[in-house]
Each structure stands twice: as C-alpha cells, then as structure tokens.
Chemist: 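Structure provided below as structure tokens; questions to follow.
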Amino acid sequence: MGKATRITGIVLKSTGSWYNVFTADGMIASRVRGRFRLKDKETTNPIAVGDQVDLQIEMDGSGTIMFIHPRWSKLSRRAAGRKATIEHVIVANVDMAWCVQSVIFPKFNPGFIDRFLVMTEINELPAGIILNKCDLLNEELAAEMAWWKQTYEDMGYPVILTSASTGEGLEALVATLKNKTSVMSGPSGVGKSSLLNVLEPNLGLRTGEMSDYTQKGKHTTTHAELWPLSSGGYVADTPGLREFGIWDLAPEDLSGFFLEFRPFLDNCHFPNCTHDHEPSCAIIEAVNDGYITPERYKSYLNILSTLKQGLKDTGR
Ligand SMILES: Nc1nc2c(ncn2[C@@H]2O[C@H](COP(=O)(O)OP(=O)(O)OP(=O)(O)O)[C@@H](O)[C@H]2O)c(=O)[nH]1
Ligand SMILES: [Mg+2]
Ligand SMILES: [Zn+2]
C-alpha cells in the first residue's frame with residue numbers, strides 16, 4: 001500500500017468517541033488514537049469542537065486524528081462535578097463568545113454572566129451578552145434589563161436584546177455573527193437553539209419545553225456542535241449549564257478580570273488586597289463613590305468565596 005492520505009479539517013461535533021470532521025473532501029467521521037486521551041489529564045476533552053485536526057484516512061473511509069493544531073482561542077470552564085483542577089473546553093478557535101440569558105423563564109442570572117465574563121477575560125476571548133425572550137418583558141422588567149444592558153455596555157461588552165418568538169433583535173444578531181466563528185453559551189432553556197433555528201431555519205435544532213414547576217430548561221441540547229451559517233461563518237450551539245464554573249484562577253487574581261475594577265486596582269493599601277475585608281481598599285471606595293455597581297461587587301464577592309472554597313476542596 002502507498003503512503004496514507006493525510007487531510008486537515010475542523011471538528012464540528014464530538015460525541016465522545018466519534019468526531020465529525022469537516023474537510024475539503026466533506027465530512028469525515030473520525031476517531032482518536034488512544035494516546036491523545038491519556039496525554040493530558042487536566043482536561044475532560046483533549047479534542048474539542050472547533051479544533052483543527054489532521055486526519056489519516058483509513059481503508060473504510062473513516063479518519064484517525066493524528067495531530068491537533070495549536071488553539072488560537074477557546075471558551076472553557078471548570079468541568080462539572082469534578083475537582084476544580086479539571087478544565088472543559090466548550091469550543092476551540094472561536095472569534096466571539098455570547099452569553100445567552102433569558103430576561104425571565106428561566107430567571108435572568110447576572111452571576112452566571114459575571115463568571116462567564118471572567119473566563120472569557122482569562123482566555124482573552126471577545127464576549128457579548130444576548131438577553132432573549134424580550135417578548136415577555138413587562139414595564140418593570142424592561143427597565144431592569146435596560147439598566148443591565150447599559151451596565152455591561154459601559155464595560156465594553158455588546159448587549160443584544162432578542163426574541164426568538166417575535167424576531168426582535170435578530171437583524172443585529174445576524175450582522176454580528178456574519179463571517180465569524182461564534183459560540184452561544186448559557187443556562188438551559190434560555191433559547192440558544194431557538195435563536196439559531198430562527199436565524200437558520202434549515203438547522204432544525206431540537207428545542208425544549210420549559211419545566212412548569214421549576215421554570216428551568218430541561219437540558220435539551222446534549223452536545224456542542226458547530227453549524228455553518230448561510231451568511232458566512234459558523235456558530236456553536238452548546239448544552240445549557242447550571243453554572244459557569246471558573247477554572248484555574250487564584251482568588252487574588254480575580255479582580256483583574258472584572259474590567260471596570262482595573263483602573264482602581266493599584267490604589268489599594270495592600271498590594272495583595274482581595275477587596276473583601278482589607279482596610280483602605282480602592283475597590284470598596286469605588287463602589288461607595290458609584291464607579292463600580294454594588295451588583296458587580298456582590299458578584300465579585302460571591303465568586304471570590306467559591307474560589308477560596310475551591311482551594312480548600314483541592315487542598316492547595
Ligand atoms: N417567549 C419566548 N420563548 C422562547 C424564546 N426563545 C425560546 N423560547 C422557548 O424557550 C424554551 C427553551 O428553548 P431552547 O431553544 O430549547 O433553549 P436552549 O437554551 O437551547 O436550552 P438547552 O438546549 O436545554 O440548553 C422553548 O420552549 C422555546 O420555545 C423567546 O424569545 N420567547
Ligand atoms: Mg438547546
Ligand atoms: Zn482592595
């Protein structure tokens with residue numbers, strides 16, 4: 001037999017044992033060599049959706065993944081239900097990450113957004129926020145959401161209000177997804193798959209009912225998958241998350257990833273200030289002076305305490 005064929009492609013879907021790799025020769029169902037799985041124990045998935053890989057084509061037409069190209073970006077989080085030392089890469093090689101929230105049903109969750117933004121800042125990944133189901137807004141909630149929109153926009157994050165039901169905001173969304181690779185992440189039931197179905201009706205993604213009892217989603221999407229957009233580019237739909245876990249961050253480094261905290265960080269009395277109890281803290285002063293919102297500061301304290309608890313849990 002001659003030299004084995006090698007071909008490069010991008011992983012559009014991973015089911016755990018099989019990967020759909022999109023190549024110049026079409027989609028090739030591929031497997032991993034055992035050694036890749038063992039090589040890096042710090043991650044749940046050494047090969048993620050979005051990875052660029054080199055395949056060797058086997059006799060039966062399937063691929064064997066021989067090489068993973070270095071990632072130039074990633075959206076990752078702490079692996080669920082495991083120790084804080086394990087990373088889960090949601091998607092690799094994306095230009096932009098969107099945190100999708102619903103304004104109600106399930107309840108808007110700013111704590112989720114703030115954890116998401118910490119991870120995108122750590123990974124230096126541009127991020128934005130989608131506030132979906134705005135057809136369900138009443139006057140009071142609309143004012144509240146307008147406040148959050150302004151708050152995050154002031155930090156430099158784009159915020160788009162959308163409705164998969166009425167189509168509101170979808171033009172803006174289409175424009176920002178065009179010719180880029182983007183990812184939609186967020187809690188279950190916020191409408192990630194519904195939004196993509198409206199943008200790209202032939203996708204036919206499965207969408208879920210809401211649980212009447214808890215008003216939470218039912219985790220309808222079970223795998224991350226990249227979809228080509230007819231306007232150019234790709235978008236990844238991902239499974240809903242209960243919480244966006246932060247991976248590999250020392251508590252004292254957290255404040256640097258709250259963008260609006262940055263101008264004040266050098267002015268604390270103690271250089272290793274964690275801004276929760278220390279005297280002469282410039283962050284606490286900035287909150288009192290109205291430069292940092294109490295909501296974001298509270299969110300910071302919540303995350304700080306989980307990071308400190310995480311250190312205890314792992315015995316570090
Ligand atoms: N009123 C209203 N309902 C919506 C909207 N978008 C989605 N829904 C409904 O919300 C429910 C959940 O939608 P999905 O698209 O499955 O949510 P998801 O974020 O993909 O959820 P997971 O796949 O579980 O993570 C479905 O019943 C949708 O019909 C919206 O803009 N307005
Ligand atoms: Mg879904
Ligand atoms: Zn401080």
Side-chain angles (χ1 to χ4, degrees), residues 13 77 80 90 98-109 112 116 129-138 141-142 145 160-170 172-173 183-201 203-212 214-227 235-244 251-256 258 260-289 291-292 297 300-301 304:
K13 181 183 180 179
R77 61 175 173 84
I90 297 170
W98 292 96
C99 181
V100 186
Q101 289 281 327
S102 49
V103 297
I104 192 167
F105 305 141
K107 195 172 179 297
F108 175 70
N109 184 347
F112 187 112
F116 175 92
I129 298 157
I130 294 170
L131 302 176
N132 189 38
K133 306 201 186 184
C134 59
D135 54 290
L136 302 179
L137 287 174
N138 60 26
L141 199 54
M145 289 305 133
I160 306 178
L161 276 129
T162 61
S163 166
S165 303
T166 66
E168 185 180 338
L170 292 186
L173 187 55
V183 54
M184 304 278 179
S185 180
S188 178
V190 297
K192 300 178 293 297
S193 304
S194 301
L195 282 170
L196 297 185
N197 276 343
V198 185
L199 295 187
E200 213 62 54
L203 289 184
L205 301 177
R206 222 157 66 77
T207 61
E209 295 297 300
M210 301 290 295
S211 151
D212 287 338
T214 59
Q215 286 301 348
K216 286 184 176 158
K218 290 182 169 172
H219 297 275
T220 308
T221 304
T222 54
H223 290 100
E225 186 159 1
L226 267 175
W227 300 99
V235 63
D237 189 17
T238 66
L241 301 168
R242 245 172 299 271
E243 192 57 85
F244 205 93
E252 60 272 23
D253 294 334
L254 175 64
S255 52
F258 274 65
E260 78 279 32
F261 288 22
R262 283 184 182 171
F264 306 100
L265 290 173
D266 288 340
N267 304 335
C268 294
H269 180 69
F270 295 104
N272 59 350
C273 187
T274 59
H275 326 295
D276 64 344
H277 65 280
E278 295 89 342
S280 305
C281 170
I283 295 299
I284 295 176
E285 269 168 38
V287 175
N288 292 335
D289 294 344
Y291 295 110
I292 293 173
Y297 180 61
Y300 167 79
L301 293 179
L304 186 71

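None of these values were measured; they are calculated from a predicted model. Just follow the structure's listing: the first ligand is 1, and inside any ligand the first atom is 1.
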Chemist: Would you check the N or O atoms of Lys192, main chain and side chain alike, for any that come under 3.5 Å of an N or O of ligand 1?
Modeler: yes
Chemist: Spell out, as yes or no, whether a donor-acceptor pair under 3.5 Å connects the side chain of Glu278 to the backbone of His275.
Modeler: yes
Chemist: What protein heavy atom sits nearest atom 6 (N) of ligand 1, and how far away is it?
Modeler: Asn132 ND2, 3.2 Å
Chemist: Among Pro106, Gly208, Ala164, whose heavy atom sits nearest atom 31 (O) of ligand 1?
Modeler: Ala164
Chemist: Verify, without hydrogens or angle tests, whether Glu243 (side chain) and Leu241 (backbone) share a donor-acceptor contact under 3.5 angstrom.
Modeler: no
Chemist: For Arg242, does the CZ atom sit with more than 12 other heavy atoms under 6.0 Å from it, leaving out its own atoms?
Modeler: no
Chemist: Do the rings of Phe116 and Phe244 sit parallel, tilted or perpendicular, given the 30° and 60° boundaries?
Modeler: perpendicular
Chemist: Can you tell me if Ser102 and Asn132 form a side-chain donor-acceptor pair at under 3.5 Å?
Modeler: no
Chemist: Contact between Thr207 and Thr220 at the side-chain level, heavy atoms closer than 4.5 Å - yes or no?
Modeler: no
Chemist: Considering only heavy atoms, which of Gly191, Ser188, Ser185 lies nearest to atom 22 (P) of ligand 1?
Modeler: Ser188
Chemist: Could you tell me which atoms of ligand 1, counted from 1 in the order shown, lie closer than 4.0 angstrom to a heavy atom of Ser193?
Modeler: 15 (O), 20 (O)
Chemist: Which residue and non-hydrogen atom of the protein lie closest to atom 10 (O) of ligand 1, and at what distance in Å?
Modeler: Lys133 NZ, 3.0 Å
Chemist: What atoms in ligand 1 come closer than 4.0 Å to a heavy atom of Gly240?
Modeler: 25 (O)
Chemist: Evaluating non-hydrogen atoms only, which member of Gly167, Cys134, Ser165 is closest to atom 2 (C) of ligand 1?
Modeler: Ser165
Chemist: Pairs of nitrogen or oxygen atoms closer than 3.5 Å, one from Asp237 and one from ligand 1: do any exist?
Modeler: no
Chemist: Would one find an N or O of Arg206, backbone or side chain, under 3.5 Å from an N or O of ligand 1?
Modeler: no
Chemist: Testing the basics here: between Val190 and Val100, what is the closest heavy-atom pair and its distance to 0.1 Å?
Modeler: CG2-O, 3.6 Å
Chemist: At what distance, to the nearest 0.5 angstrom, does CG of Leu131 lie from CD1 of Ile160?
Modeler: 9.5 Å
Chemist: For the pair Thr238 (side chain) and Met184 (backbone), establish whether a donor and an acceptor sit closer than 3.5 Å, ignoring hydrogens and angles.
Modeler: yes
Chemist: Please report the shortest heavy-atom distance between Asn267 and Pro263, naming the atom on each side.
Modeler: ND2-O, 4.1 Å
Chemist: Looking at ligand 1, is there an atom of it that comes within less than 4.0 Å of some heavy atom belonging to Gly217?
Modeler: no
Chemist: Side chain or backbone of Val190 under 4.0 Å from ligand 1, or both, or neither, by non-hydrogen atoms?
Modeler: both
Chemist: Closer than 2.8 Å to the Mg ion (ligand 2), which protein N, O or S atoms?
Modeler: Ser193 OG, Thr221 OG1
Chemist: Quick one: does Thr207 get an N or O within less than 3.5 Å of an N or O on ligand 1?
Modeler: no
Chemist: Using a 4.0 Å cut-off to any heavy atom of Leu136, which atoms of ligand 1 qualify?
Modeler: 1 (N)
Chemist: For atom 1 (N) of ligand 1, find the nearest protein heavy atom and state the residue, atom name and distance (0.1 Å precision).
Modeler: Asp135 OD2, 2.9 Å
Chemist: Locate the shortest heavy-atom distance separating Asn138 from Leu141; write the atom from each residue and the value.
Modeler: OD1-N, 2.8 Å
Chemist: Measure across Pro106 and Lys133 and return the closest heavy-atom pair with its distance rounded to 0.1 Å.
Modeler: CD-NZ, 4.2 Å
Chemist: Would Thr162 count as being in polar contact with ligand 1, using the rule that some N or O on each side must be under 3.5 angstrom apart?
Modeler: no
Chemist: Taking all atoms of both residues into account, what is the closest heavy-atom pair of Phe264 and Ile292, and its distance?
Modeler: CD1-CD1, 4.1 Å
Chemist: Check each of Ser194, Pro239, Gly189 against atom 21 (O) of ligand 1 and report the one with the nearest heavy atom.
Modeler: Gly189
Chemist: Fit a plane to each ring of Phe258 and Tyr300, take the angle between them on a 0 to 90° scale, and name the class: parallel (under 30°), tilted (30 to 60°) or perpendicular (over 60°).
Modeler: perpendicular
Chemist: What's within reach of the Zn ion (ligand 3), meaning protein N/O/S atoms under 2.8 Å?
Modeler: Cys268 SG, Cys273 SG, His275 ND1, Cys281 SG
Chemist: Please determine which of Leu205, Leu196, Asp237 meets the side-chain contact (heavy atoms from CB on, under 4.5 Å) test together with Thr221.
Modeler: Asp237
Chemist: Can you tell me if Gln101 uses its side chain to pair, donor with acceptor, with the backbone of Asn109 under 3.5 Å?
Modeler: yes
Chemist: Provide the closest heavy-atom pair for Arg262 versus Gly256 in the form atom of the first, atom of the second, distance.
Modeler: NE-O, 2.6 Å
Chemist: If the cut-off is 4.0 Å to any non-hydrogen atom of His219, which atoms of ligand 1 fall inside it?
Modeler: 24 (O)
Chemist: Can you measure from OG (Ser255) to CG (Leu265) and round to the nearest 0.5 angstrom?
Modeler: 4.5 Å
